[in-house]
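Here's the structure we're looking at; comments come further down.
The residues of the chain are indexed from 1 along the displayed sequence. All of these numbers come straight from a predicted model, not from anything done at the bench.
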Amino acid sequence: MAWRCVHISRPARLCLKDSQLVVTQDENTITLPLEDLACVVLDTPQVNLSGALLSALAMSGIALIIPDDKHHPAGVVLPFHQHHLQAEVIGIQIAASKPLRKRLWQTLVVAKISNQAALLEEAGHQDASTLRNMIRRVTSGDPDNIEAQAARLYWSRLFPRFTRSNCADRRNGLLNYGYAILRAAIARACVASGLVPSLGLHHASRTNAFNLADDLIEPFRPCVDRMVRRTIPEHDPLSSVSVEERRFMTGILSETVLIGKERMTILAATESVATDTVKSLTHSSAALLRPPALSETTNIISISE
């Protein structure tokens, strides 16, 4: 079962040998079984890949994340649909009624705000209760946009002197990096479940190939926020993001959440949520979708420690 996310930050040559990823850097070579891999993050443009490896990654359901010139994830290569009931699942996804999609979005928003409140509570903020009270105002489809109202309160309490639009604040850089890793993992899970990532429940941009991933990611976002809060010193938010911090954020998929009463890695949780989404669409029941909840304990250790 896939469990590992490989982060390549130095010049390297990647190829395939005996169903294993072979990574050569300088004089060093390591091999990794493809069956262990969920994603490969290329954090440098100085990488050579063989065509045989690209084909094997796709056939094995491994997401390949590609950077831009600022080392931010710019794109993801996903497997072409290989689910055994692909056509049936797509038909169910397209036929989903608007009321069902609105109820599923309500479920995701409630879970997101609940996780935001849990993180504020963990950080010792009394306004966590205010966020929890807002959950009761989230109705089907969230027409009053309680999600955005909760976000304004949440961000103003989670980080001091912080705005999400400040590109100079490296907390934003790390948040966006972690979200991009999560988004790729969720898109991978959607494809593995037979879903089309571009057909969303709430998000419906004609130019967005990942509308569904952008729906399902919402309850996961506070997991990234928690990781960043424990990583960046409050007195030093305005320096550039280091390669060590980017590598650290790639570890988000190994952190744990709760699905029901079961503790699992975030990577496993993305697969669970994608499977639940298929069940919900198939049986027209939003109650079958089980979003992740923040676990009470965490593996996170600041890279400064």
Shortest non-hydrogen contact from Val47 toward Leu14: CG1-CD1, 3.8 Å
Salt bridge (Lys or Arg N to Asp or Glu O under 4.0 Å) contacts touching residues 103-117 (sequence neighbours left out): Lys112-Glu147, Lys112-Glu218
Atom of Val273, atom of Pro291 and distance for their closest heavy-atom approach: CG2-CA, 4.5 Å
Contact summary for Ala118 and Leu294, nearest pair of heavy atoms: CB-CD1, 4.1 Å
Closest non-hydrogen atom pair, Ile266 against Leu182: CG2-CD2, 3.5 Å
Residues Arg10, Asp26: salt bridge by 4.0 Å N-O rule: yes
Residues Arg137 and Gln149: side-chain donor-acceptor under 3.5 angstrom: yes
Asp169 side, atom CG; Leu175 side, atom CG - distance, nearest 0.5 Å: 8.5 Å
Interatomic distance, Thr231 atom OG1 to Glu245 atom CD [nearest 0.5 angstrom]: 7.5 Å
Contact list for residues 109-156, test ring pair (Phe, Tyr, Trp, His ring centres under 6.0 Å), sequence neighbours left out: Trp155-Phe162
For His203, all residues meeting ring-ring contact (aromatic ring centres under 6.0 Å, His included), sequence neighbours excluded: Trp105
Validation row: His283, Leu288 side chains within 4.5 angstrom (heavy atoms): yes
Side-chain (Asn115) to main-chain (Pro292) donor-acceptor, under 3.5 angstrom: yes
Residue pair Leu199 / Gln93: nearest heavy atoms and the distance that separates them: O-NE2, 3.0 Å
Salt bridge (charged side-chain N to carboxylate O under 4.0 Å, His left out) partners for Arg290, two or more places apart: Asp276
Exam field: side chain Asp144 to backbone Ile146, donor-acceptor pair closer than 3.5 Å: no
Atom pair CG/CG of Leu120 and Leu158 - distance to nearest 0.5 Å: 6.0 Å
Nearest-0.5 Å distance that lies between atom CG in Asn208 and atom OG in Ser198: 8.5 Å
Side chains of Arg164 and Asn176, donor plus acceptor under 3.5 Å: yes
Atom pair OG1/CG of Thr107 and Leu201 - distance to nearest 0.5 Å: 10.0 Å
Residue list, salt bridge (charged side-chain N to carboxylate O under 4.0 Å, His left out) with Glu121, at least two apart or on another chain: Arg132
Side chain to side chain contact (heavy atoms under 4.5 Å, CB included) partner of Arg188, the single match among Leu267, Val76, Leu64: Leu267
Check: Leu153 main-chain N/O paired with Ser156 side-chain donor or acceptor under 3.5 Å: yes
Atom pair CG (Leu21) and CG (Leu49), whose distance is rounded to the nearest 0.5 Å: 8.5 Å
Any side-chain heavy-atom pair of Val257 and Ser295 under 4.5 Å: no
N-O pairing of Arg247 and Asp43 below 4.0 Å: no
Side-chain donor-acceptor contact under 3.5 Å, Ser280 with Ser285: no
Side-chain heavy-atom pair Arg246, Val241 within 4.5 angstrom cut-off: yes
Main-chain N/O of Ala56 paired with Ser60 side-chain donor or acceptor, under 3.5 Å: yes
Test: Glu122 and Arg229 ion pair at under 4.0 Å: yes
Test log, rule salt bridge (Lys or Arg N to Asp or Glu O under 4.0 Å), inputs Arg157 and Asp127: CA-CA 8 Å; Arg157 303 299 189 272; Asp127 285 321; 2.4 Å; yes
Check: Pro222 main-chain N/O paired with Gln116 side-chain donor or acceptor under 3.5 Å: no
Leu253 and Thr265, any side-chain heavy atoms less than 4.5 Å apart: no
Val278 side chain reached by Ile92 side chain, heavy atoms, under 4.5 Å: no
Disulfide bond (SG atoms under 2.5 Å apart) pairs, two or more places apart, involving residues 13-67: Cys5-Cys39
Expected output: side-chain Asn172 to main-chain Asn166 donor-acceptor under 3.5 Å: yes
Side chain Asp215, main chain His202, donor-acceptor under 3.5 Å: yes
Atom of Ala286, atom of Leu104 and distance for their closest heavy-atom approach: CA-CD2, 3.6 Å
Exam field: side chain Thr139 to backbone Asp142, donor-acceptor pair closer than 3.5 Å: no
Heavy-atom side-chain contact between Leu195 and Leu281 under 4.5 Å: yes
